[in-house]
Amino acid sequence: MPKLILPDGKVLTVEPGSRIIDYVPRGKGLVAKVDGRLVDLSSEVPEGASEIKVLDFNSPEGRETYWHTSSHILAQAVKRLFPRAKLGIGPAIEEGFFYEFDMEGRSFTPDDLQRIEDEMRRIIKEDLLIIRKEVSRQEAIELFSKMGEVYKVELLQEMQEPVVSLYQQGEFVDLCRGPHLPSTGYVKHIKVLYSSSSYWKGDERNPVMQRVYGISFPEKEMLDQYLKRREEAKKRDHRVVGPQLDLFSMPSEVIGPGLVIWHPKGARIRRIIEDFLVRVHLKWGYELIYSPHIAYTNLWKISGHLNYYREFMYVFEKDGIEHAVKPMNCPFHILVYKSKKRSYRELPLRFFELGTVYRFERSGVLHGLLRARGFTQDDAHIFTTPEKLEEEISKVIELDEYLMKSFGFDEFKVEISTWDPNHPEEYMGSEEDWHRAQSALEEALKKRGYSYEVMEGEAAFYGPKIDVKLVDSIGREWQLSTIQLDFNLPKRFNVTYVDADGSEKTAVMIHRALLGSIERFFGILLEHYAGNFPLWLAPIQVRVLPVSERHLAKAQEVLNELVRKGVRADLDVESGTLGYRIRESELQKIPLTLIIGDKEVSSGTVSVRQKGKGNLGSMTLEEFLKRYWEEMLPPDQRSEVLS
RNA sequence: GCCCCGGUAGCUCAGCUGGUCAGAGCGCCGCCUUGGUAAGGCGGAGGUCGCGGGUUCGAAUCCCGCCCGGGGCUCCA
């Protein structure tokens, strides 16, 4: 007899041929997995089934089904309001769902979206049964042709399957693989978020579709929380906060899109980050190098980049020779390596550069600091022998972990991109190279205790890679570090070393950028902390604030002492009430404010106010410095660091 | 690049069915206030309404082109 496991872990024995939903109290399950196959809750227990798992919103499949059904409700609502809308596709996405429509040149207004949302609520209230039907492909083509759903017909014509499934809820029928919730009433709290245009099948030669995005949850609180998080993310937007705190600007109308100007305070933070990176890399056995910003395009002809990268490069001609601004640093690092004959004894060699590169990204993908045209990579290339590869990867991961934790990120997600073993001909390098490299990556991660996901077939043609995503303070994921093996460039540039037996061998090359780009990382950091940088990164660590002009001299004295000790401090010389100036200090997100008035002058103390914590009372300047000194230093310069 | 939306003072935005439509708040400057832990009061300066062209007696407002920004552009029956 098949057994059925409810989301709460309860196990029931069930009868084949009976409906799964009959064993599941309403609200306790959304979709079922029969021996690993996802099916509708309203389907029957198949003959020969052994295990049926009922899934709820806590499972990825449960959420996906929930959102997928939500997208059908969205489509039904749009069809009711705009009968001439033609259906495109409507999947669940990572968070939420969308459905796209051909609106005959019309686009949705905010008012339309509200009406759609209201209609969706009505459909949910109607609690329409969702019925699966299987028909022949031909039958389906006829049905959708009759309905004028040309896109559905197109999809059907591209399909191979002789039988397809339809899902019907009330008057609405859609071509869909499913599974779906049992009825529209299973969806509880929905919100239409925004609309945008896109192309049918993502191809700009195809008709324009109008996409409507939405989200839904079983609990009101979940929806509220989601909306609050979106709101919070919007408030943290680095493109708003950055200029607000006077850190940087991007006056694109004057200098062009995708380029950054670093203002004094932003430049300070950047310099602190860069100095920290340089010290740490030197400590970890890297050599610091510099390379030029331009070179003959021929250099990238050798590297092979020019062929498929040319449209992203800034190319210009001088003296009849074509030059390019560098879109990457790799070739230069290789040239450093090749400047002399290398012995296996000196490997691994690690070259590090804060390399500023320019890439002509398509205008539509630019996004503040996160996707710019000019940016600086924390780029390194490691040349090693195959024997030392795994240990070297392990070291890189350890360094990555140290850096991320130093910047306040504790949660990571790791992916390994491997080749597609069915198409080895699409990749550079031998099968042996790939197996050794991929297992080196996996072993290194395992040793460091990381769980990871293997993305088969996702590797570049030139080698497998590790990508590290981190999770920020409001739960968003960011792809940052990348550690890539390269079998291609060492061959193209003939990167070799002399081995112990006197033979010349090709070195293994690792590209790695851990922060990715300083600009992008800075943007993420800014959003992660919502501008409240930790003390060691804060552009102004301490503001000295005299209560009145009488106390200015004393305040100046305190400031001088702080500056002499190397603390980044400034003096508030504004007029206005004390309350106003404290507010100003808070809004500027200055971590520490020292207030100096009559009491402090006479007792020789300072009144300490910490951002977010308020008034901490009075203490001597020495006590204050002792208390915060360590925190003001970069992580590698604190006394608890032993290495 | 393509589609949709947008560009008004340093910032956030109102005005936009053509005619006191050059406005508000914040910020800035000045004066008064010298204040004890997140907004004291009064006054003032500040704008080629993104740029160029067109329609009109008249354009921030309507039309066209360009520049720049925002949201998207298979996670996919």
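Numbered from 1 within each chain, the chains take letters A, B, ... in sequence-line order.
- Each of A/Ser363 and A/Arg609 was matched to the nucleotide of RNA chain B holding its nearest heavy atom; the match closer to the 5' end belongs to A/Ser363.
- Contacts of A/Gly597 with the nucleic acid, taken as non-hydrogen atoms under 4.0 Å apart, include base atoms.
- Nucleotides B/G15 and B/C49 have their C1' atoms positioned 10 Å apart, rounded to a whole Å.
- Atom P of B/U33 sits at a distance of 33 Å from the matching atom of B/G23, rounded to the whole Å.
- The partner of B/U34, taking Watson-Crick or G-U wobble pairs whose two distances both stay under 3.5 Å, does not exist in any strand shown.
- If you check B/G19 for Watson-Crick or wobble pairing at under 3.5 angstrom, you find it paired to B/C57.
- A salt bridge links A/Glu149 to A/Lys79: at least one charged side-chain nitrogen sits closer than 4.0 Å to a carboxylate oxygen.
- Within the nucleic acid shown, A/Gly178 has no heavy atom closer than 4.0 Å to any nucleic acid atom.
- Nucleotides B/G18 and B/A39 are separated by 46 Å at their P atoms, to the nearest Å.
- A/Val547 comes within contact range of at least one nucleobase, with a heavy-atom separation under 4.0 Å.
- Which of B/G36, B/A77, B/C68 sits closest to the side chain of A/Ile595 comes down to B/G36.
- Within the structure, a side-chain polar atom (N or O) of A/Thr577 is placed less than 4.0 Å from OP1 or OP2 of B/G40.
- Among B/U34, B/A77, B/G36, the nucleotide with an atom closest to any side-chain atom of A/Arg550 is B/U34.
- The pair A/Lys234-A/Glu527 does not count as a salt bridge, with every side-chain nitrogen at least 4.0 angstrom from each carboxylate oxygen.
- Stacking of A/Arg373 on the aromatic ring of A/Phe360 is recorded, both the 6.0 Å distance cut-off and the 45° axial limit being met.
- Across the P atoms, B/C31 and B/C13 are found 33 Å apart, a figure rounded to whole Å.
- For residues 166-176 of chain A, proximity to RNA chain B is found at A/Leu175, A/Cys176, defined as any non-hydrogen atom under 4.0 angstrom from a strand atom.
- The shortest distance between side-chain heavy atoms of A/Phe98 and A/Glu100 falls below 4.5 Å.
- A/Glu574 places its CD atom 14 Å from the C1' atom of B/G30, with the value rounded to the nearest Å.
- Computed from coordinates, the A/Asp102 CG to B/C73 C1' distance equals 15 Å when rounded to whole Å.
- Dashed line: the shortest gap from a side-chain N or O of A/Arg211 to OP1 or OP2 of B/C73 is under 4.0 Å.
- What separates CD of A/Gln210 from C1' of B/C5 is a distance of 11 Å, to the nearest Å.
- Between A/Arg239 and B/G69, a side-chain N or O to OP1/OP2 separation shorter than 4.0 Å is absent.
- Minimum atom distance to the side chain of A/Lys599 is reached by B/G36, of the listed B/A38, B/G36, B/A77.
- The partner of B/G25 is B/C11, by the rule that a Watson-Crick or G-U pair needs both atom distances under 3.5 Å.
- For A/Arg236 and A/Glu232, the salt-bridge test passes: some basic side-chain N is under 4.0 Å from an acidic carboxylate O.
- In this pair, A/Phe248 and A/Phe522 present their aromatic rings perpendicular. The plane angle is above 60°, beyond the 30 to 60° band.
- For the P atoms, the distance from B/C62 to B/G7 is 10 Å, rounded to whole Å.
- Using P as the reference atom, B/U61 and B/C51 are 11 Å apart when rounded to the nearest Å.
- When all heavy atoms are compared, the tightest approach of A/Arg359 to A/Met328 is NH2-CB, 4.2 Å.
- Side chain of A/Leu587, nearest nucleotide from B/G72, B/U34, B/A38: B/A38.
- Under a 4.0 Å N-O distance rule, the pair A/Glu600/A/Lys554 does not qualify as a salt bridge.
- When the side-chain nitrogen and oxygen atoms of A/Ser196 are compared with OP1 and OP2 of B/C4, none of them lie within a distance under 4.0 Å.
- Dashed line: the shortest gap from a side-chain N or O of A/Tyr580 to OP1 or OP2 of B/A38 is not under 4.0 Å.
- Heavy atoms only, all atoms of each residue included: A/Asp467 and A/Ser417 are closest at OD2-OG, 4.3 Å.
- The distance between atom CZ of A/Arg132 and atom C1' of B/A77, rounded to the nearest whole Å, is 11 Å.
- A/Lys613 comes within 4.0 angstrom of no nucleic acid atom, judged by non-hydrogen atoms across all strands.
- Atom name C1', nucleotides B/G52 and B/C32: the rounded distance is 49 Å, in whole Å.
- As rounded to whole Å, 20 Å separates atom P of B/C5 from atom CG of A/Leu193.
- On a pure distance criterion of 3.5 Å, a polar donor-acceptor pair joins the side chain of A/Glu600 and the base of B/G36.
- Among the nucleotides B/G35, B/C4, B/C73, the one closest to any side-chain atom of A/Val365 is B/C73.
- With respect to the salt-bridge test (charged N to carboxylate O, under 4.0 angstrom), the residues A/Glu415 and A/Lys465 do not qualify.
- Between A/His551 and A/Phe108, it is A/Phe108 whose nearest contact on RNA chain B lies nearer the 5' terminus.
- At the heavy-atom level, A/Val254 lies nowhere under 4.0 Å from the strands shown.
- The partner of B/G6 is B/C68, judged by Watson-Crick or G-U wobble contacts that both fall below 3.5 Å.
- Rounded to whole angstrom, the span from the NZ atom of A/Lys469 across to the P atom of B/C75 amounts to 13 Å.
- Going from atom CD of A/Glu584 over to atom C1' of B/C28 covers 12 Å, rounded to whole Å.
- Remark: the separation of the C1' atoms in B/U8 and B/A60 is 7 Å, to the nearest Å.
- Atom NZ of A/Lys152 and atom P of B/A77 are 9 Å apart (whole Å).
- In this structure, A/Ser165 reaches the bases: a heavy-atom distance under 4.0 Å links it to at least one base atom across the strands shown.
- The aromatic rings of A/His305 and A/Tyr309 sit perpendicular to each other, their planes meeting at more than 60°, with 30° as the lower class boundary.
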